[in-house]
Visitor: 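I am attaching a structure below and will ask some questions about it afterwards.
Values below: every heavy atom of this structure, side chains too, minus hydrogens, waters and symmetry copies. All ligand and atom numbering here is 1-based and tracks the order in the structure.
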Amino acid sequence: MEKGSELKDVNLDIIFHHISDLIFQIRVIDVHHYEIEAVNEAYLSNYETSKEAISGRRIEDFLGVDQGIQAIKRFQEAIIRKKTIQFEEGYSFPKQGYKLFDITLVPLVEEGSVGRLIGVAKDITEKRMNEEHLAQSEKLSIVGQLAAGIAHELRNPLTSLKGFLKLIQFRNTDKDIDRYVQVMDSEFHRIEQIIDEFLILARPTKTNFQNNRIDLILDEVIELLSGQANMKSIILQKEYASSLPPIYSESNQLKQVFINLLKNAMEAIGEEGEIIIKAKELNEHIQIQVIDNGGGIADEELEKLGSPFFTTKKNGTGLGLTICKRIVKKHKGTFTIESNEGKGTIITLNFPKIYRT
Ligand code: ADP
Ligand code: MG
């Protein structure tokens, strides 16, 4: 006995009904008249209908005029060609809305003409969305790389412009021109700052994660900025808990975060004020807070904070917090801002306690 004979028709029936693709059989009455003859479970459940409600219905009666005509055009194409056709087409469903299908239509030739059509429709909505997502993120990363290249290239002409500006400044005796030169100088400075911060953002990050002592990192940053703080009569106050666990981190990146936060705090204070830098253990986290008694942030601006290029400063870049957020996220930490306009701001960072060896 042949092995194949064990395959029974009933198995085909099971396949037909359990497959997730929508399968349908259409009877061709004439080129304008098509009736639904059979469909599988997936078809019924997608259209939320029953066998009884669908069998024998004209296609445009069941799908509605617009989608019916769309389907009939495809049926006619398969009939004229007398060949299997494949195409992508969208259809709307009562609950799930619009879906995109990859549809195969097979004409069954009976006595020289097409008497029936078999259709298989595979839902590719999600697949297509994922593909588009991927294409979009690739595009973004290419744009990012290009922009980083451009930012880098801008440095050279900028250096020479600054050089010539110095020359003009040096030779000039006219007071008006002196003022213009000063404005130009500060604008150049701003361009430079934007380029620098942008490059930090775009730089491919080499990862060199280690267990770092957070108190030492904070100390270094405070040391770095203490001169500036002194000049503006701003007190930098440390409040570290004793024996803090290390943070598994990239020390340079964490320094970058705290430099940005302390700079912002100092800029919010202007002159005379206090910044408290707290570090402590809190449950499964190490919490660091930067608390300033500066001007604070208005409620309506609070939500825009950290969006790239959002700044309220004349010479700001609006990239500082974007960089902070990105670095904190890379360290699996969280970043929150609380602010009281006129009173000050609290930035809270939580880093997970993870020991790695
Ligand atoms: P920039 O400092 O170049 O403006 P940032 O991304 O560092 O860019 O900050 C964005 C904006 O957030 C600032 O312009 C400021 O309005 C607000 N901001 C950030 N930190 C503070 C703070 N400590 N106090 C008040 N406002 C702040
Ligand atoms: Mg800043």
Visitor: Any idea which atoms of ligand 1 are less than 4.0 Å away from a heavy-atom of Thr312?
Guide: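 Answer, ordered by atom number: 13 (C), 14 (O), 15 (C), 16 (O).
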Visitor: Within a distance under 4.0 Å of any heavy atom of Thr311, pick out the atoms of ligand 1 and give their elements.
Guide: 1 (P), 4 (O), 14 (O)
Visitor: Is there at least one pair of N or O atoms, one from Lys313 and one from ligand 1, spaced under 3.5 Å apart?
Guide: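 Yes, Lys313 has an N/O under 3.5 Å of an N/O on ligand 1.
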Visitor: Please report the shortest heavy-atom distance between Glu274 and Asn293, naming the atom on each side.
Guide: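 The pair with the smallest heavy-atom distance is N-OD1, 3.0 Å.
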Visitor: Would you say Ile347 and ligand 1 have an N/O pair spaced under 3.5 Å apart?
Guide: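 Looking only at distances, the answer is no, because the N/O contact criterion of under 3.5 Å is not met.
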Visitor: Numbering the atoms of ligand 1 from 1, which are under 4.0 Å from a heavy atom of Ala268?
Guide: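 Those atoms are 22 (C), 24 (N), 25 (C).
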Visitor: Do the two ring centres, one from His331 and one from Phe209, sit under 6.0 Å apart?
Guide: yes
Visitor: Mind checking whether Gly295 has a heavy atom under 4.0 Å from ligand 1?
Guide: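 Gly295: no contact with ligand 1 (<4.0 Å).
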Visitor: Provide the number and element of each atom of ligand 1 under 4.0 Å from a heavy atom of Leu305.
Guide: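 It comes down to these atoms of ligand 1: 12 (O), 17 (C).
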Visitor: Ring centres under 6.0 Å, that's the criterion: do Tyr91 and Tyr98 meet it?
Guide: no
Visitor: Is it true that Asn46 and Lys95 share a donor-acceptor pair across their side chains at a distance under 3.5 Å?
Guide: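 There is no such pair between these side chains.
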Visitor: Can Val120 be reached from Phe62 by stepping across I, L, V, M, F, W or Y side chains whose heavy atoms are under 4.5 Å apart?
Guide: no
Visitor: Measuring from atom 27 (C) of ligand 1, which candidate in Asn260, Asn264, Ile297 has the nearest non-hydrogen atom?
Guide: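 Among Asn260, Asn264, Ile297, the closest heavy atom to atom 27 (C) of ligand 1 belongs to Ile297.
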Visitor: Within ligand 1, which atoms have a heavy atom of Phe310 less than 4.0 Å away?
Guide: 10 (C), 11 (C)
Visitor: Flag this pair as yes if the NZ/CZ of Lys332 is under 6.0 angstrom from the six-membered ring centre of Phe351 and inside a 45 degree cone about the axis; otherwise no.
Guide: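 Lys332 over Phe351 ring: no.
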Visitor: With a 4.0 Å cut-off on heavy atoms, is Gly294 touching ligand 1?
Guide: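 Checking ligand 1 against Gly294, which is what was asked, there is no heavy-atom contact under 4.0 Å.
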Visitor: Under 4.0 Å from a heavy atom of Leu319: which atoms of ligand 1 are those, numbered in the order shown and with their elements?
Guide: 6 (O), 8 (O)
Visitor: Could you point out which residue of Ile323, Ile327, Ile217 forms a side-chain contact (heavy atoms from CB on, under 4.5 Å) with Gln253?
Guide: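 Running side-chain contact (heavy atoms from CB on, under 4.5 Å) over Ile323, Ile327, Ile217 with Gln253 returns exactly one hit, Ile327.
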Visitor: At a non-hydrogen distance cut-off of under 4.0 Å, which region of Thr345 contacts ligand 1 (side chain, backbone, both, or neither)?
Guide: side chain
Visitor: Any nitrogen or oxygen of Gly316, side chain or backbone, less than 3.5 Å from one on ligand 1?
Guide: no
Visitor: Could you check whether atom CD of Gln86 has more than 12 heavy atoms from other residues, nucleotides or ligands sitting under 6.0 Å from it?
Guide: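 Buried by this count: over 12 neighbours within 6.0 Å.
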Visitor: For a distance under 2.8 Å, tell me if Asn264 has an N/O/S atom near the Mg ion (ligand 2).
Guide: yes
Visitor: Which protein non-hydrogen atom lies closest to atom 23 (N) of ligand 1, naming both residue and atom, and how far is it?
Guide: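 For this ligand atom, the closest protein heavy atom is Asp292 OD2, 2.9 Å.
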Visitor: Note the single closest protein heavy atom to atom 6 (O) of ligand 1, along with its residue, its atom name and the distance in Å.
Guide: Leu321 N, 2.8 Å
Visitor: Leu165 and Leu161: same hydrophobic cluster, using ILVMFWY side-chain contacts below 4.5 Å?
Guide: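 Leu165 and Leu161: one cluster.
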Visitor: Cation-pi check for Phe87 against Arg74: NZ or CZ below 6.0 Å from the six-membered ring centre and within 45 degrees of the axis, yes or no?
Guide: yes
Visitor: With heavy-atom distances below 4.0 Å as the criterion, list the atoms of ligand 1 near Thr317.
Guide: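 By the 4.0 Å cutoff, the relevant atoms are 3 (O).
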Visitor: Please say yes or no: joined through hydrophobic side-chain contacts below 4.5 Å, possibly via intermediate residues, are Ile54 and Tyr47 part of one cluster?
Guide: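 Shared cluster, yes.
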Visitor: Report the nearest protein non-hydrogen atom to atom 1 (P) of ligand 1: residue, atom name, distance rounded to 0.1 Å.
Guide: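 Going by distance alone, atom 1 (P) of ligand 1 is nearest to Gly318 N, 3.6 Å.
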